[in-house]
*Asks:* 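There's a structure below that I have some questions on.
Note that these values count all heavy atoms, side chains included, but never hydrogens, waters or copies made by symmetry. This one's a predicted model, so the numbers in the text were calculated from it and none came from an experiment.
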Amino acid sequence: MRTDKEAMAKDLSRRPADATTTHAGWGGGDPHLLVSQEDVREVFHLTADETRIGSSPDSELVLAGADPLHATITHDDRDEFVLDLHGEGEMNAGTDDRSEILRTGARFTVAGWTLVFMREEFADHGRPYGGREGGELSDQPAQPQRPDYPAQREDGRDADDGREWEVRNG
């Protein structure tokens with residue numbers, strides 16, 4: 001059984017050593033959904049600017065038992081993934097507003113399916129300076145302004161902030 005220290009060491013080995021901001025390149029951090037129901041376990045990568053979830057065959061993510069258009073995830077101009085839940089289901093934002101910005105670990109349900117949003121923490125805009133491992137409860141300096149994500153998207157390229165990224169043990 002892995003210890004908490006081993007799990008933290010693995011997380012730290014995957015994060016760039018100089019990660020001080022969550023303003024990764026456009027769409028960075030491998031945003032995806034973990035989709036499960038009973039014995040089914042799937043991964044659905046979020047690569048489009050709009051992902052329709054439902055039972056309709058023209059949905060990007062087709063789920064049996066869902067409404068034809070049950071939910072939509074929009075990759076917005078701020079490089080956030082925003083959930084709009086059109087049909088019945090639970091979501092993290094316990095409000096009447098059926099919309100929320102998805103953060104790593106955000107969970108929602110669609111017709112008996114459980115979906116969990118995942119994105120590497122270095123790219124999840126809600127977790128600056130290394131997230132929980134970086135001293136979340138201590139004083140942290142403000143992050144720099146977000147990059148010009150709409151320009152990056154129009155150029156069809158990922159952002160290059162000049163850093164040499166390295167994946168270690170990954």
*Asks:* Where is the tightest heavy-atom contact between A66 and V110, given as atom of each residue plus distance?
*Replies:* CB-CG1, 3.7 Å

*Asks:* If you measure from CD1 on I73 to CG on D84, what distance do you get to the nearest 0.5 Å?
*Replies:* 9.5 Å

*Asks:* Within a strict 4.5 Å, meaning less than it, do heavy atoms of the E100 and V82 side chains meet?
*Replies:* no

*Asks:* Between NE2 of H70 and OG of S56, what distance do you get to the nearest 0.5 Å?
*Replies:* 13.5 Å

*Asks:* Does the side chain of L63 reach to within under 4.5 Å of the side chain of V35, using non-hydrogen atoms?
*Replies:* yes

*Asks:* Quiz question: by atom type and distance under 3.5 Å, do the side chains of H86 and T72 form a donor-acceptor pair?
*Replies:* yes

*Asks:* Tell me, yes or no, whether the heavy-atom count around E88 atom CD, taken from other residues, nucleotides or ligands under 6.0 Å, exceeds 12.
*Replies:* no

*Asks:* Just verifying a value: how many Å separate E42 CD and L33 CG, rounded to the nearest 0.5 Å?
*Replies:* 12.0 Å

*Asks:* From F81 CZ over to T74 OG1, what is the distance, rounded to the nearest 0.5 angstrom?
*Replies:* 10.0 Å

*Asks:* Report yes or no: does R52 contribute a side-chain atom to a donor-acceptor pair with the main-chain N or O of D58 at less than 3.5 Å?
*Replies:* yes

*Asks:* Determine yes or no for a side-chain-to-main-chain donor-acceptor pair under 3.5 angstrom, with D67 supplying the side chain and L69 the backbone.
*Replies:* no

*Asks:* Is the side chain of R41 donor-acceptor paired with the backbone N or O of E38 at a distance under 3.5 Å, no angle test?
*Replies:* yes

*Asks:* What are the two closest non-hydrogen atoms of F117 and L46, and how far apart are they?
*Replies:* CE1-CD1, 3.7 Å

*Asks:* How close do G27 and P31 get, heavy atom to heavy atom, and via which atoms?
*Replies:* O-CD, 3.3 Å

*Asks:* Which residue in the set V43, L102, L34 passes side chain to side chain contact (heavy atoms under 4.5 Å, CB included) when paired with M118?
*Replies:* L34

*Asks:* Which heavy-atom pair separates G65 from A111 by the least distance, and what is that distance?
*Replies:* O-CB, 3.3 Å

*Asks:* Can you tell me how far the CZ atom of F108 sits from the CG atom of N92, to the nearest 0.5 Å?
*Replies:* 9.5 Å

*Asks:* Less than 4.5 Å apart, any side-chain heavy atom of L83 and any of M91?
*Replies:* yes

*Asks:* Do F44 and E60 have side-chain heavy atoms sitting under 4.5 Å apart?
*Replies:* yes

*Asks:* Which atom pair, heavy atoms only, marks the closest approach of S59 to P68?
*Replies:* OG-O, 3.6 Å

*Asks:* Under 4.0 Å between a side-chain nitrogen and a carboxylate oxygen: does that hold for D79 and R119?
*Replies:* yes

*Asks:* Can you find a heavy atom in the side chain of L85 that is under 4.5 Å from one in the side chain of T109?
*Replies:* no

*Asks:* Counting N and O atoms only, with roles assigned by atom type, does the side chain of W113 sit under 3.5 Å from a partner on the main chain of A64, one being a donor and the other an acceptor?
*Replies:* yes

*Asks:* Please examine the side chains of R107 and E90, heavy atoms only from C-beta on, and report whether any two atoms are closer than 4.5 Å.
*Replies:* yes

